[in-house]
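Order of the sequence lines sets the chain letters (A, B, ...), proteins ahead of strands, with each chain counted from 1. Reckoned from all heavy atoms, side chains included, excluding hydrogens, waters and symmetry mates.
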There are 2 protein chains.
Amino acid sequence: MVTLEDVAKHAGVSLATASRVLNGSTRQVGAPLRAKVEMAAEQLGYRANVAAQTLARGAGNVIGLVVHDLVDPYFAAIADGAMRVAESRGLMVMVGTTHRDPEREIAYVSTLNAQRVRAVLLTGSRLDDVQVTRRLRQELDRYRESGGQVACVGQDLLGADTVAPGNAEGAAELARALAGLGHRRFAVLAGPAGLVTARDRTTGFRGALAALGLPEPRIVHGTFDRDGGYAAAAGLAEAGKEITCVFAVNDVMAMGALAAFRDRGVRVPQDVSVAGFDDIATLRDLVPSLSTVRLPLADMGARAMELALDPAERVRIERVAGEVVIRESTRRLE
Amino acid sequence: MVTLEDVAKHAGVSLATASRVLNGSTRQVGAPLRAKVEMAAEQLGYRANVAAQTLARGAGNVIGLVVHDLVDPYFAAIADGAMRVAESRGLMVMVGTTHRDPEREIAYVSTLNAQRVRAVLLTGSRLDDVQVTRRLRQELDRYRESGGQVACVGQDLLGADTVAPGNAEGAAELARALAGLGHRRFAVLAGPAGLVTARDRTTGFRGALAALGLPEPRIVHGTFDRDGGYAAAAGLAEAGKEITCVFAVNDVMAMGALAAFRDRGVRVPQDVSVAGFDDIATLRDLVPSLSTVRLPLADMGARAMELALDPAERVRIERVAGEVVIRESTRRLE
DNA sequence: GCAGACTTGGAAATCGTTTTCCTGGAGGTC
DNA sequence: GACCTCCAGGAAAACGATTTCCAAGTCTGC
């Protein structure tokens with residue numbers, strides 16, 4: 001293991017000079033010495049020890065990123081956007097996946113704190129659990145006290161810079177668009193009861209329907225993933241036929257719903273319309289193509305990273321509006 | 001920032017004792033002191049400084065993971081498997097995305113070396129470029145000299161532990177299966193010319209056809225992603241009609257091909273059969289469902305992580321066989 | 001009751017950098 | 001030419017842990 005001292009010795013200069021040459025400093029070093037140090041470093045194959053640098057400088061160049069599930073394209077897209085920004089600034093990203101376990105999320109913040117990462121990005125929906133949220137906030141506060149930055153993608157529940165998608169508003173606008181197509185009797189595949197994102201989308205949707213004087217939609221809970229959408233839609237297909245339009249609170253669930261209907265011979269959109277939320281890129285080629293609310297996921301991730309990297313006095317909440325996109329999976333009722 | 005010294009002082013013990021209590025050690029500490037230290041740490045909200053630990057111990061608990069593109073479900077699945085193993089051992093994962101730029105890959109190895117990560121996992125296809133491969137190997141050697149472990153998912157080109165999917169064999173078996181369905185005139189959406197994975201799958205497929213005495217398939221190059229599949233299939237649809245089966249060298253390209261055919265009124269599988277490779281989970285709900293070669297991606301990622309974490313004397317190459325899965329996108333010719 | 005073995009606690013060296021001082025020489029001004 | 005400023009270079013003190021070595025007890029066995 002070749003250290004800076006080896007390089008300095010080999011170049012015949014002091015440790016300080018070698019450090020100044022190799023790892024950026026405000027101080028100047030004369031050209032001849034500079035050249036000697038660079039030569040020596042090259043010859044010996046010197047690689048700075050980041051742990052030592054982090055210790056000495058008191059701050060590293062690593063960012064912590066916490067997601068629920070990397071395989072979910074929603075998180076993959078956000079992570080991708082965030083990582084591009086980090087890369088462009090020469091920072092490494094440390095990723096933790098919670099698999100939707102809030103305890104793991106708290107544990108990750110603690111670990112990332114120990115790693116003295118420069119900032120932590122928390123992405124994904126919070127649970128509607130005061131206890132857990134409180135403990136998470138506590139852990140975050142501890143991290144901030146030691147100089148860390150925090151940013152979120154999702155709900156503004158943690159007192160940190162947040163990129164907040166307009167879940168309720170987007171869902172409401174979707175509801176109005178679907179009502180505009182003539183739909184009256186809806187079902188909502190609402191995901192888990194305790195998940196704030198799912199709840200916001202559900203209530204936004206219901207609220208808009210109520211404002212239009214339309215009947216209450218049928219609410220079906222389930223998991224927030226493809227299988228949850230499948231199961232919920234399957235239950236629906238068995239039960240009543242009077243529903244003309246199903247809103248799944250995310251695209252992946254909508255994909256599951258599509259599969260469930262297909263397996264049961266229910267045609268989409270002829271027999272029932274289906275809409276999702278997120279506009280996941282990987283799912284654009286589904287047949288029928290999915291009506292949904294588009295969220296600029298990569299941009300949201302990128303923006304959150306920027307917020308974390310360029311701290312401000314005040315807590316900043318940036319709202320991101322979703323854009324309703326009507327495609328083939330929802331039809332106009334005559 | 002509360003340090004171990006603060007804790008020790010607060011508990012009225014020495015630094016050494018505090019260290020032994022809080023951060024695992026072989027040495028015992030008496031119950032009363034132990035309790036005092038734990039109390040103090042709790043009260044002060046002590047979080048160990050990993051940079052300092054890494055420096056003192058000479059080895060950190062971070063793993064480096066290099067992927068080409070996190071949004072590509074292929075890499076997401078591998079990364080997920082790898083990260084689960086890392087998590088189960090209490091290790092953090094630092095992720096770098098190359099966006100298919102081999103220079104970035106080399107740069108990442110260098111950065112991860114500087115970070116003194118315990119192991120580096122390189123996933124994804126190598127390019128068929130001797131220069132780049134040589135330089136990457138050089139960087140890896142430098143990393144290994146300083147005690148790092150390396151493992152790959154993909155081709156065995158780097159002299160490191162490798163989990164190697166049977167690309168050629170899987171493609172060959174797929175070719176035989178498709179021939180068994182009565183197909184004779186094939187096209188291969190072969191991806192980029194220089195990409196080893198793409199090349200292996202293409203040559204495996206061609207080889208099997210040749211062995212069966214079937215005519216040469218038509219080879220169309222393009223990018224390795226959805227749009228590449230779309231463009232290649234689009235070109236194909238314009239040109240000849242005599243082709244009855246199209247093999248896209250990965251599922252994402254096959255999805256693009258499906259879309260291209262659909263847009264042009266070419267029915268799959270009635271007019272043309274389509275097969276892919278990988279069996280991406282997110283794509284299981286495509287219509288028609290995709291015939292493909294299943295690769296246990298998450299397991300491969302997990303296995304590579306295990307190889308990296310449990311080093312051996314000899315370089316280990318583990319071959320993973322793909323399993324042909326025939327679904328709806330390929331039909332039997334009568 | 002005592003030699004030897006084992007255990008527990010602490011002082012201090014160490015890990016590889018950065019950075020603060022300090023020093024001596026060069027350059028500029030009057 | 002004296003004085004002041006500026007600057008390149010080096011010695012040494014952090015940074016926050018771990019770990020080696022040493023000293024002082026505490027057991028054990030006879």
Side-chain angles (χ1 to χ4, degrees), chain A residues 1-38 40-41 44-62 111 113-118 145-148, chain B residues 1-38 40-41 44-62 111 113-118 145-148:
Chain A
M1 184 79 288
V2 30
T3 74
L4 189 59
E5 192 173 359
D6 300 336
V7 175
K9 211 163 280 176
H10 196 261
V13 303
S14 78
L15 206 51
T17 304
S19 169
R20 294 199 260 255
V21 170
L22 295 176
N23 314 310
S25 153
T26 49
R27 291 274 306 258
Q28 292 288 324
V29 172
L33 285 199
R34 163 174 295 275
K36 274 208 280 187
V37 172
E38 277 164 352
L44 272 52
Y46 170 72
R47 288 285 177 277
N49 182 329
V50 175
Q53 288 185 316
T54 303
L55 181 57
R57 295 207 250 247
N61 22 218
V62 177
T111 304
N113 187 356
Q115 299 275 356
R116 296 296 188 278
V117 296
R118 216 189 261 186
E145 275 166 23
S146 56
Chain B
M1 184 77 291
V2 31
T3 73
L4 189 59
E5 192 173 357
D6 300 336
V7 175
K9 213 163 279 174
H10 196 260
V13 302
S14 78
L15 206 52
T17 304
S19 169
R20 295 200 260 254
V21 170
L22 295 176
N23 314 309
S25 152
T26 49
R27 289 274 307 257
Q28 292 289 324
V29 173
L33 285 198
R34 162 173 296 274
K36 275 209 279 189
V37 172
E38 277 164 353
L44 272 51
Y46 169 72
R47 288 287 177 275
N49 183 328
V50 175
Q53 288 185 317
T54 303
L55 183 55
R57 296 209 251 247
N61 25 218
V62 177
T111 304
N113 186 357
Q115 299 275 354
R116 296 295 188 277
V117 297
R118 214 187 263 186
E145 274 166 25
S146 57

Using heavy-atom distances to pick each residue's nearest nucleotide on DNA chain C, tell me which of B/Arg116 and B/Leu33 is more 5'.
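Between the two, 5'-proximity favours B/Leu33.
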
Taking for each residue the nucleotide of DNA chain C with the nearest heavy atom, is it B/Val13 or A/Asn49 whose nucleotide lies nearer the 5' end?
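Upstream on the strand: B/Val13.
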
Of all the choices, [options], which nucleotide is nearest to the side chain of [X] once you look at every atom?
{"X": "A/Tyr46", "options": "D/dG10, C/dC15, C/dT17", "answer": "C/dT17"}
{"X": "B/Ala16", "options": "C/dT17, D/dT19, D/dA17", "answer": "D/dT19"}
{"X": "B/Arg57", "options": "D/dT18, C/dG10, C/dT18", "answer": "D/dT18"}

Rounded to whole angstrom units, what separation is found between the [atom1] atom of [X] and the [atom2] atom of [N]?
{"X": "A/Leu15", "N": "C/dG16", "atom1": "CG", "atom2": "P", "result": "11 Å"}
{"X": "B/Arg34", "N": "C/dT7", "atom1": "CZ", "atom2": "P", "result": "15 Å"}
{"X": "A/Gln28", "N": "D/dA8", "atom1": "CD", "atom2": "C1'", "result": "10 Å"}
{"X": "A/Gln115", "N": "D/dG16", "atom1": "CD", "atom2": "C1'", "result": "14 Å"}

Contact class for [X] vs. all strands (heavy atom < 4.0 Å): base, sugar-phosphate, or nothing?
{"X": "A/Gly30", "answer": "sugar-phosphate"}
{"X": "A/Val50", "answer": "nothing"}
{"X": "B/Ala48", "answer": "sugar-phosphate"}
{"X": "A/Ser19", "answer": "base"}

Flag, side chain of A/Arg116 to backbone of A/Ala59, donor-acceptor distance under 3.5 Å:
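No; zero donor-acceptor contacts below 3.5 Å.
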
Between the main-chain N or O of B/Val13 and the side-chain N or O of B/Thr17, is there a donor-acceptor pair closer than 3.5 Å?
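Looks like no, no N/O pair under 3.5 Å.
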
[N], OP1 or OP2 - any side-chain N/O from [X] closer than 4.0 Å?
{"X": "A/Gln53", "N": "C/dT18", "answer": "yes"}
{"X": "B/Ser14", "N": "C/dA11", "answer": "no"}
{"X": "B/Asn23", "N": "D/dT18", "answer": "yes"}

By nearest heavy atom, map B/Arg27 and B/Arg47 onto DNA chain D; which one lands nearer the 5' end?
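Result of the comparison: B/Arg47.
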
Determine whether a donor-acceptor pair (one donor, one acceptor, N or O, separation below 3.5 Å) exists between the side chain of B/Arg20 and the base of C/dG10.
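Indeed, a donor on one side and an acceptor on the other fall under 3.5 Å apart.
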
Is any side-chain heavy atom of A/Asn49 closer than 4.5 Å to a side-chain heavy atom of A/Thr3?
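A side-chain contact under 4.5 Å is absent here.
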
